[in-house]
**Student:** 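Dumping the structure here so I can ask a few things about it.
A note on names: the letters A, B, ... follow the listed sequences, proteins ahead of strands, and every chain is numbered from 1.
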Protein chains: 2
Amino acid sequence: MDLVDDAPGPAARQDTARSRAGQENVARILDAALDVFATFGFRGSRIEQIAAAAGLSKTNLLYYFRTKEDLYLAVLQRTLDMWLEPLRALDPARDPADALGDYIARKLAASRDEPAASRLFALEVIQGAPIVAPLLEKTLAAIVAETAGTIEGWVEQGKLGPVSPRHLIYSIWATTQHYADFAAQVRAIEGRDLSDPAFFAEACEHVTRTILQGVLPR
Amino acid sequence: MDLVDDAPGPAARQDTARSRAGQENVARILDAALDVFATFGFRGSRIEQIAAAAGLSKTNLLYYFRTKEDLYLAVLQRTLDMWLEPLRALDPARDPADALGDYIARKLAASRDEPAASRLFALEVIQGAPIVAPLLEKTLAAIVAETAGTIEGWVEQGKLGPVSPRHLIYSIWATTQHYADFAAQVRAIEGRDLSDPAFFAEACEHVTRTILQGVLPR
DNA sequence: GCGACTCTTGATCGAACGGTCAAGGGGCGC
DNA sequence: GCGCCCCTTGACCGTTCGATCAAGAGTCGC
C-alpha cells in the first residue's frame, strides 16, 4: 500500500517529535493540499497557494514537508486508503441485488463526501498514473479480481444474467465517480450536485435501478 | 461555440498568410499540444515540451501562437467540436433501443478514436471548467435539454420505463468516457484498451446491453 | 525562570519557464 | 535571378517558483 520507500535519506522533518500546534498544522496542510492538488494537479499547484489555503507561510509549510513531492506523496497516500475503502469486495453469500446496491450506495456516498479525493485520483489516472501505477497493478487489480470472482459466481448460479464482471465494475465506478469528478459539468446542467440530498437520492436510485435491472436475470 | 473574443488586440501571427509548411506546422503543433495538455493540464504543460513533440523549437512555436494561452484556447476550441459531435440529440422518431444503441456506440467510438480529446475535456471539467463553463451552461445544457426531452417523450409513450432522462445521459457519458479517461487504470487491470477490437466489442456490448435492459420497459 | 526544543519568519538563491528581439535563411511569385 | 515575405534560430530578459539559510519567537517541562 506504500507509495514510497520510507526514510529515503536524511531524517525528514516529518519524523521529528511534534507539538499540538505542529500536528494541527500538518493536518491543515494535508487538507489544503488535497483540495489544491485535486484542482490543479501536481505540476499545476503552487506550494505558496497551498500554504495560503492552510493559513501558513510558504517557508513554514516547507518546514513540515521538505519538498513539494513529499507533500504530494503524503496527500496521495492518505487519500488512497479512503478512496479504496468503498471498493472492498462483495460478499458472495449475500443476494446480488442487495450486495450490489450497497456497493453502489457506498461508492456514491464516497463521491459526495470526498469529492476532492476522487478528483485527485482521477487526475493521477488521466495523467497515466505515473505514481499510482504500481498500486493499480497490485492492490486494485487484486480487489477487482476478487470482486469479479464473486460476480462470476452469481452468474454461474443464475442469480445474475450473463454479464461481464469487470465491465460491470467499470460501469459502477464510472457512473458513481462521474458525480464527483464531473461535478462542475453536472452543476452547469443541473444547478446542483450530490451535496443536495434530493439529488443524491435521485442519482442513487437511478444508478441502482438501471444497473441492477441491467444485470439481474429476466 | 467560440471560447474567445476574436481579434483581442494587435494582429496575431495566426492571422497572417501562411505557406504550406506553415499550415503543416500549425497542424503538428495542435496535435502535439492536444496530447501534452491532455496529459499535464494547462499549467503543468511546458511550451518547450509541446514544441519538441511537434519537432520545432520553442521560439518557432511561439511564432505561430503568441502565448501559451492562445495555443491552449486554439486546441480546446478545435477539440470541443469533435467532442460535442457524438452528443448530438437523439431522433425522437426512432425506436429508443436503436437510437440509444447508436448513441452509445458513437460515444464509445469517440473514446477510442480521440482519447486525448476526452481527457483534455475531463481535465478542464475536473478543474472546475474555468474556461469551458460558459459553453457548458449554454451549448451543452441545450443539447442535454433536447436529448432529455426526446427521452422523456419515449417514457410517456411507454417505450421506456420510468427513467430520469438526465441521469440516463450522465450514465451513458460516464461509462463510455471511462474507457478513455481511465485508460491507464483499465490497462493496469485488463492489460488492454479500446484500441483492441475485441475489447472494444466487449465494452460496447456490455454498456449497450446493461443500459438498455435497465431502461426498456419490462 | 531557565533551558531545550519546536515553530515561524524574511531574506535570498538558482533553476525553470514564458516570452522578446534582432538577425538571418529559404522558398515562392514575378 | 531578384526581391519580398514567411519561416527559423539563438541569445537574452524578467518573473515565478521551489528550496535554503540564519536568526529569532513561542512554548513546554522542570
**Student:** In whole Å, what is the span from the CD1 atom of B:Ile50 to the P atom of C:dG19?
**Tutor:**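 That distance rounds to 11 Å.
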**Student:** Could you state the CZ-P distance from B:Phe65 to D:dC6, rounded to the nearest angstrom?
**Tutor:**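 It is 17 Å, rounded to the nearest whole Å.
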**Student:** Whole Å only: how far is the CG atom of B:Leu61 from the C1' atom of D:dT8?
**Tutor:**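 Interatomic distance, CG of B:Leu61 to C1' of D:dT8: 13 Å.
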**Student:** Got a salt bridge between B:Glu202 and B:Arg192, using NZ or NE/NH1/NH2 to carboxylate O under 4.0 Å?
**Tutor:**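 Here B:Glu202 pairs with B:Arg192 in a salt bridge, since their nearest N and O are under 4.0 Å apart.
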**Student:** Would you kindly check whether a donor in the side chain of B:Lys58 faces an acceptor in the base of C:dG18, or vice versa, at under 3.5 angstrom?
**Tutor:**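 Donor-acceptor pair under 3.5 Å: yes.
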**Student:** State which residues pass side-chain hydrogen bond (donor to acceptor under 3.5 Å, both in side chains) with A:Arg94; sequence neighbours excluded, sorted by chain then number.
**Tutor:**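 Scan of A:Arg94 (side-chain hydrogen bond (donor to acceptor under 3.5 Å, both in side chains), adjacent residues dropped) gives A:Asp102.
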**Student:** Quick one: B:Asp70 CG to C:dG18 C1', roughly how many Å, whole number?
**Tutor:**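 One finds 13 Å between C1' of C:dG18 and CG of B:Asp70, rounded.
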**Student:** Give a yes/no answer on whether the side chain of B:Tyr63 brings an N or O atom under 4.0 Å of OP1 or OP2 in D:dT9.
**Tutor:**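 So the side chain of B:Tyr63 is outside the cut-off, no N or O lying under 4.0 Å from OP1 or OP2 of D:dT9.
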**Student:** Please list all pairs passing the salt bridge (Lys or Arg N to Asp or Glu O under 4.0 Å) test where one or both residues lie in residues 165-174 of chain B, with sequence neighbours left out.
**Tutor:**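 Checked against salt bridge (Lys or Arg N to Asp or Glu O under 4.0 Å) - neighbours excluded - the pairs reaching residues 165-174 of chain B are A:Glu190-B:Arg166.
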**Student:** Measuring to OP1 and OP2 of D:dT8, would you say a side-chain N or O of B:Thr59 lies under 4.0 angstrom away?
**Tutor:**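 Looking at the OP1 and OP2 atoms of D:dT8, neither is under 4.0 Å from any side-chain N or O of B:Thr59.
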**Student:** Can you check the A:Tyr64 OH to C:dT6 C1' distance for me, whole Å?
**Tutor:**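 Those two atoms, OH and C1', are 8 Å apart.
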**Student:** When the distance from CG of A:Asn60 to C1' of D:dG18 is rounded to whole Å, what number comes out?
**Tutor:**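 These atoms are roughly 16 Å apart.
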**Student:** Considering residues at least two apart in sequence or located in another chain, which fulfil the side-chain hydrogen bond (donor to acceptor under 3.5 Å, both in side chains) criterion with B:Ser111?
**Tutor:**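 None.
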**Student:** Starting from P on D:dT9, measure out to CG on B:Leu56 and report it in whole angstrom.
**Tutor:**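 Spelled out: CG on B:Leu56 to P on D:dT9 is 7 Å.
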**Student:** I want to check one thing: is the phosphate of C:dT8, taken as OP1 and OP2, less than 4.0 Å away from some side-chain N or O of A:Asn25?
**Tutor:**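 Result: yes.
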**Student:** Could you name each residue pair satisfying side chain to side chain donor-acceptor pair (under 3.5 Å) that touches residues 29-42 of chain A, not counting sequence neighbours?
**Tutor:**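 Every side chain to side chain donor-acceptor pair (under 3.5 Å) pair that includes a residue of residues 29-42 of chain A, provided the two are not neighbours, is A:Asp31-A:Arg78.
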**Student:** Could you list the donor-acceptor pairs under 3.5 angstrom formed by side chains in residues 114-129 of chain B, with sequence neighbours left out?
**Tutor:**
residue	atom	partner	partner atom	Å
B:Ser118	OG	B:Asp181	OD1	2.7
B:Glu124	OE1	B:Ile131	N	3.4
B:Glu124	OE1	B:Val132	N	3.3
B:Glu124	OE2	B:Tyr72	OH	2.9

**Student:** Where along residues 39-49 of chain B does a heavy atom come under 4.0 Å from DNA chain C, residue by residue in number order?
**Tutor:**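 Of all residues in residues 39-49 of chain B, the ones placing a heavy atom under 4.0 Å from DNA chain C are B:Ser45, B:Arg46, B:Ile47.
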**Student:** In whole Å, what is the span from the NZ atom of A:Lys68 to the C1' atom of D:dT20?
**Tutor:**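 Those two atoms, NZ and C1', are 17 Å apart.
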**Student:** If we count only N and O atoms by modelled type, under 3.5 Å, do the side chains of A:Asp193 and A:Tyr179 hold a donor and an acceptor together?
**Tutor:**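 There is no such pair (donor and acceptor under 3.5 Å, judged by atom type) between the side chains of A:Asp193 and A:Tyr179.
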